[in-house]
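Right, I'll just put the structure down here and ask away after.
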Amino acid sequence: RKEVEQDPGPFNVPEGATVAFNCTYSNSASQSFFWYRQDCRKEPKLLMSVYSSGNEDGRFTAQLNRASQYISLLIRDSKLSDSATYLCVVREDSSYKLIFGSGTRLLVRP
Amino acid sequence: GAVVSQHPSWVICKSGTSVKIECRSLDFQATTMFWYRQFPKQSLMLMATSNEGSKATYEQGVEKDKFLINHASLTLSTLTVTSAHPEDSSFYICSARVSGSGGNEQFFGPGTRLTVL
């Protein structure tokens with residue numbers, strides 16, 4: 001079983017749509033979670049951290065369910081510029097290693 | 001955010017040659033740098049953790065004699081792919097963790113695309 005699993009997509013949505021991505025992780029002791037965005041042939045960039053209480057940054061909302069070991073990302077009012085691959089990431093707090101999911105590809109069409 | 005550079009951004013080489021990739025933290029000191037590899041349509045896979053002044057720690061399945069890592073200063077780590085073969089063609093990305101950072105954010109370099117003919 002992979003340590004971090006994501007639906008690869010692609011999710012093809014019209015501009016203005018709301019889209020949600022899910023992620024599950026296998027290590028119940030994990031404490032730190034993130035969503036990264038990666039554009040084609042570029043390095044990943046931190047989108048947001050994920051907190052237990054849930055957190056929002058503009059059109060983006062992240063949720064964490066520790067009991068189910070499940071992380072989600074909700075994007076509201078999708079823009080063309082949101083087209084990218086979204087990576088679910090878990091950090092090993094003892095070593096600071098980042099464990100990446102395989103990513104979910106989002107395509108926002110006009 | 002902090003800036004991390006990588007050089008070269010891309011390289012094409014013949015099979016059997018060695019390639020060195022540099023990772024530099026430009027405006028901060030990085031005690032720890034990480035090296036990742038990403039094959040097409042796959043996610044980033046951690047290859048090794050590089051600590052300044054000590055030997056790198058390699059992930060399972062990564063050959064330390066093939067992927068030589070040197071972290072001689074707080075702002076520079078290098079990855080040398082020795083005797084590269086076509087299966088080593090990949091996108092190599094480094095990241096650096098700010099020394100003493102309680103937030104522990106990692107900053108990524110722009111990556112180096114290696115093509116081995």
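Each chain gets a letter, A, B and so on, in the order the sequences are listed, and its residues count up from 1.
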Task: Interface residues of residues 76-85 of chain B facing chain A - heavy atom cut-off under 4.5 Å - done: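 The list, in residue order, is empty: none.
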Task: Residues in residues 36-48 of chain B near chain A [non-hydrogen atoms, under 4.5 Å] - done: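 Counting heavy atoms that sit under 4.5 Å from chain A, the residues of residues 36-48 of chain B involved are B/Y36, B/Q38, B/S43, B/L44, B/L46.
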TODO: Can you measure from CZ (B/F91) to NZ (A/K42) and round to the nearest 0.5 angstrom?
DONE: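 Between atom CZ of B/F91 and atom NZ of A/K42 there are 8.5 Å.
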TODO: Show your reasoning for whether ring pair (Phe, Tyr, Trp, His ring centres under 6.0 Å) applies to B/F108 and A/Y36.
DONE: CA-CA 11 Å; B/F108 284 84; A/Y36 277 73; 5.7 Å; yes
Task: Atom group of A/Q6 that falls short of 4.5 Å from chain B, counting heavy atoms - done: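 A/Q6 has no heavy atom closer than 4.5 Å to chain B.
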Pairs of donor and acceptor atoms involving the side chains of residues 10-18 of chain A, under 3.5 Å and at least two apart or interchain, shall be tabulated with distances.
unit_1	atom_1	unit_2	atom_2	d
A/N12	OD1	A/R109	NH1	2.8

- [ ] Check the hydrophobic clustering (I, L, V, M, F, W, Y; side-chain heavy atoms under 4.5 Å; chains of links allowed) and say if B/L114 and B/L117 are grouped together.
- [x]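 Looking at the clustering, B/L117 is in a separate group from B/L114.
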- [ ] Mark yes when over 12 heavy atoms from residues, nucleotides or ligands other than A/R66 sit less than 6.0 Å from its CZ; otherwise mark no.
- [x]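 More than 12 within 6.0 Å, yes.
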Open item on the list: Is there a path of hydrophobic side-chain contacts, each under 4.5 Å between heavy atoms of I/L/V/M/F/W/Y residues, joining B/M33 to B/V19?
Closed with: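 In one cluster with B/V19: B/M33, no.
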Task: Under 4.5 Å from a heavy atom of chain B, the part of A/R105 involved - done: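 For A/R105, no heavy atom lies under 4.5 Å from chain B.
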Task: Contact listing (chain A partner; residues 4-14 of chain B; heavy atom under 4.5 Å) - done: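 Checking residues 4-14 of chain B against chain A gives no residue, so none.
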Open item on the list: Hydrophobic clustering (ILVMFWY, side-chain heavy atoms < 4.5 Å, transitive) - are A/L74 and A/F21 grouped together?
Closed with: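 Unlinked, A/F21 and A/L74 end up in two clusters.
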TODO: Give, as side chain, backbone, both or neither, the part of A/L46 having an atom under 4.5 angstrom from any heavy atom of chain B.
DONE: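 Side chain only.
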TODO: Identify whether A/I99 and B/V62 are in the same connected component of the hydrophobic contact network (ILVMFWY, side-chain heavy atoms under 4.5 Å).
DONE: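 In one cluster with A/I99: B/V62, no.
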- [ ] Side-chain contact test, heavy atoms from C-beta onward, threshold under 4.5 Å: evaluate it for B/T57 versus A/S95 and give yes or no.
- [x]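 Result no, sub-4.5 Å side-chain heavy-atom pair not found.
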Open item on the list: Test of understanding: clusters of I, L, V, M, F, W, Y form through side-chain heavy atoms closer than 4.5 Å, transitively. Do A/Y86 and A/Y25 belong to the same one?
Closed with: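 Yes, A/Y86 and A/Y25 fall within the same hydrophobic cluster.
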